[in-house]
Amino acid sequence: MKRIAVLGSTGSIGTQTLDVVRHHPDHFKIEAMAAGRNAALFLEQVHEFRPRKVSVQDKEVADRIRHQLPGDVELFYGDEGLIEVAANQEAELVVTAVVGSVGLQSTLAAIEAGKTIGLANKETLVTAGHLVTARAKEKGVMLMPIDSEHSAIFQCLNGEAPEAIRSITLTGSGGSFRDKRRDELAHVTIEQALNHPNWSMGAKITIDSATMANKGLEIIEAHWLFDMPYDRINVLIHPESIIHSFVEYQDGSIIAQMGVPDMRVPIQYALTYPNRIQNQAPSLNLAQVAKLNFREMDYERYPMVRYARECGKAGGTATTVFNAANEVAVALFLQGAIGFLDIERIVYQLISKHELIAVPSLEEIQEADRLARTEAAAIL
Ligand SMILES: NC(=O)c1ccc[n+]([C@@H]2O[C@H](COP(=O)([O-])OP(=O)(O)OC[C@H]3O[C@@H](n4cnc5c(N)ncnc54)[C@H](OP(=O)(O)O)[C@@H]3O)[C@@H](O)[C@H]2O)c1
């Protein structure tokens, strides 16, 4: 029985993680759970999974749910609550599925407490990859990727020597606007941007997929997870999302991981590794798919991928600022305060004037993150 804590239980990854647990009560037990402000769903989840510790985003939500919790559940709230759930004694694996760099401190707390990390919250690695990976190494903690591309790479790398690898390639569907030209993007709506062709995900990552900032974040995530130089991480547009990513070896062999696009597959693999058990996902029928398409990544059409790569190569606080500016810009777009192309304009303005700290401390990262958020909001 693996004991699990879920950070962000009410979100897209969180609910799918609970669905995996629901189908395998003999394999997994939820020990602790944290969510933001969706009190109704959170209460339902707590009554179904009976964790011992729970946390919500703030005191107001905590006060609303306090008297509706089972008597033996300990309730926390705020950043400290998230940390309490992440570092709780009972769980051995923590799924980090909150959205944004708000997940950094709780991820570090879980590492400090020696938990295996099921890592969905990619912004954590983008904002402070060197700190998170160094601490995980020191503590002997495994970072199990949940992002489908990184889970694919992890599976394709299984057991091979690092020097045998020529490159890794992250595939990307191209997002909601993959068939639109750049000049058609100025007036696209929030609803259009949220309509992803292959995946049903949270709002922020769906917009990140439309701008392809998501692929940029994933390049940086892959750099840290697999200790891979940026010039050996490629991106390929693959509209069907069947090949989730692949590794090319020195002898020209390519090993790819394929399957239907269903996040419960990589989530479950992170929970069961190194074992595999059956799941609810349908089998992939290649005869029915019949044809897989690929096209080159266009860095002019999708400048956010280029910016992310440049920030990744610059290192230090450059990726922190890229991430923070993007988080603010996406939130503004989702509020209807800016247009779609303003997202990349805000990010570009911030990263181009940033004064880099090459090897920042946690405090310097937090300060760069805070400043970038203030400045990004001020551009409006
Ligand atoms: N969705 C996918 O298919 C997918 C795939 C690969 C990677 N990822 C990554 O996984 C992460 C989560 O994505 P998602 O799509 O699941 O996001 P989402 O649906 O927006 O869910 C975010 C979760 O975080 C919670 N949350 C937000 N702020 C919080 C705070 N301050 N304290 C505690 N909880 C907080 C939300 O709670 P409330 O809703 O209760 O407010 C919700 O449970 C992101 O980093 C994303 O890039 C997602």
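Note that the coordinates shown come from a computational prediction; the quantities given were computed from them, not determined experimentally. First listed ligand is number 1; within each ligand, the first listed atom is number 1.
- Shown in contact with R37 at under 4.0 Å from a heavy atom are these atoms of ligand 1, numbered in order with element: 38 (P), 40 (O), 41 (O).
- Under the 30°/60° scheme for interplanar angles, the aromatic rings of H150 and F226 are found to lie parallel.
- Closest to atom 21 (O) of ligand 1 among all protein heavy atoms lies G11 CA, 3.2 Å.
- In this structure, the protein non-hydrogen atom closest to atom 40 (O) of ligand 1 is T10 OG1, 2.7 Å.
- Heavy-atom separations between K204 and ligand 1 are all 4.0 Å or longer.
- Other residues, nucleotides and ligands contribute only 12 or fewer heavy atoms inside 6.0 Å of the CG atom of D79.
- Contact between A34 and ligand 1 is absent, with no heavy atom of the residue lying under 4.0 Å from the ligand.
- Within 6.0 Å of atom OH in Y77, 12 or fewer heavy atoms from other residues, nucleotides or ligands are found, so the atom counts as exposed in its surroundings.
- In this structure, atom 33 (C) of ligand 1 lies nearest to the protein heavy atom A35 O, 3.2 Å.
- Those atoms of ligand 1 that come under 4.0 Å of a heavy atom in Q57, given as number and element, are 28 (N), 29 (C), 30 (C), 31 (N).
- The distance from ligand 1 to the heavy atoms of N38 drops below 4.0 Å at these ligand atoms: 38 (P), 40 (O), 41 (O).
- Set against the non-hydrogen atoms of M201, the atoms of ligand 1 under 4.0 Å away are 1 (N), 2 (C), 3 (O).
- Residue, atom and distance of the protein heavy atom nearest to atom 6 (C) of ligand 1 are D147 OD1, 2.8 Å.
- To the nearest 0.5 angstrom, L143 atom CG is 13.0 Å from R135 atom CZ.
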Just do the side-chain hydrogen bond (donor to acceptor under 3.5 Å, both in side chains) check on S101 and D369 with the steps written out, would you? CA-CA 9 Å; S101 63; D369 179 275; 3.1 Å; yes
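- Aromatic ring orientation, F340 versus F333: perpendicular (interplanar angle above 60°, classes split at 30° and 60°).
- Here the two rings, on F322 and Y307, have centers that are 6.0 Å apart or farther.
- Set against the non-hydrogen atoms of I205, the atoms of ligand 1 under 4.0 Å away are 4 (C), 5 (C), 6 (C), 7 (C), 8 (N), 15 (O), 46 (C), 47 (O), 48 (C).
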